[in-house]
Student: 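Dropping a structure here in structure tokens format, bear with me for questions.
What you are looking at is a predicted structure, and each value in this text was computed from that prediction instead of being measured.
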Amino acid sequence: MIAAIQSAGRAVALSGITAAVGLLSLVTLPVPFLRSVGYGGMLIPFIAVCVAVTLLPVCLAWRGCLDRSVLAARSDDL
């Protein structure tokens, strides 16, 4: 369980960065509409990754759904 939680943060960050870079590639197109979609689309995965990595564990710990030992083991690895 602890290993799954530790690797989930990396997986979420990697997939979010991949989606953001893919949408950011629309900025290179000369069409203004698609350029705007690229900028806006890049922000959505970035914000989602930030919330999933920072806010979600805090909310789960606050509700009691996340075991305190998991949080302690995760902070030891940092």
Student: Tell me who clusters with Leu23, hydrophobic residues only, linked when side chains sit under 4.5 Å apart either directly or through other members.
Tutor: Leu26, Leu29, Val31, Phe33, Leu34, Val37
Student: Could you pull out all residues at least two apart from Ala20 that satisfy side chain to side chain contact (heavy atoms under 4.5 Å, CB included)?
Tutor: Met42, Pro45
Student: Residues in side chain to side chain contact (heavy atoms under 4.5 Å, CB included) with Leu43, at least two apart?
Tutor: none
Student: Just to verify, what does Val27 make a side chain to side chain contact (heavy atoms under 4.5 Å, CB included) with, not counting sequence neighbours?
Tutor: Leu24, Arg35, Tyr39
Student: Closest heavy-atom contact between Val12 and Ala52?
Tutor: CG1-CB, 3.9 Å
Student: Going by the rule side chain to side chain contact (heavy atoms under 4.5 Å, CB included), which residues pair with Ile47 if we only count those two or more places apart in sequence or in a different chain?
Tutor: Val51
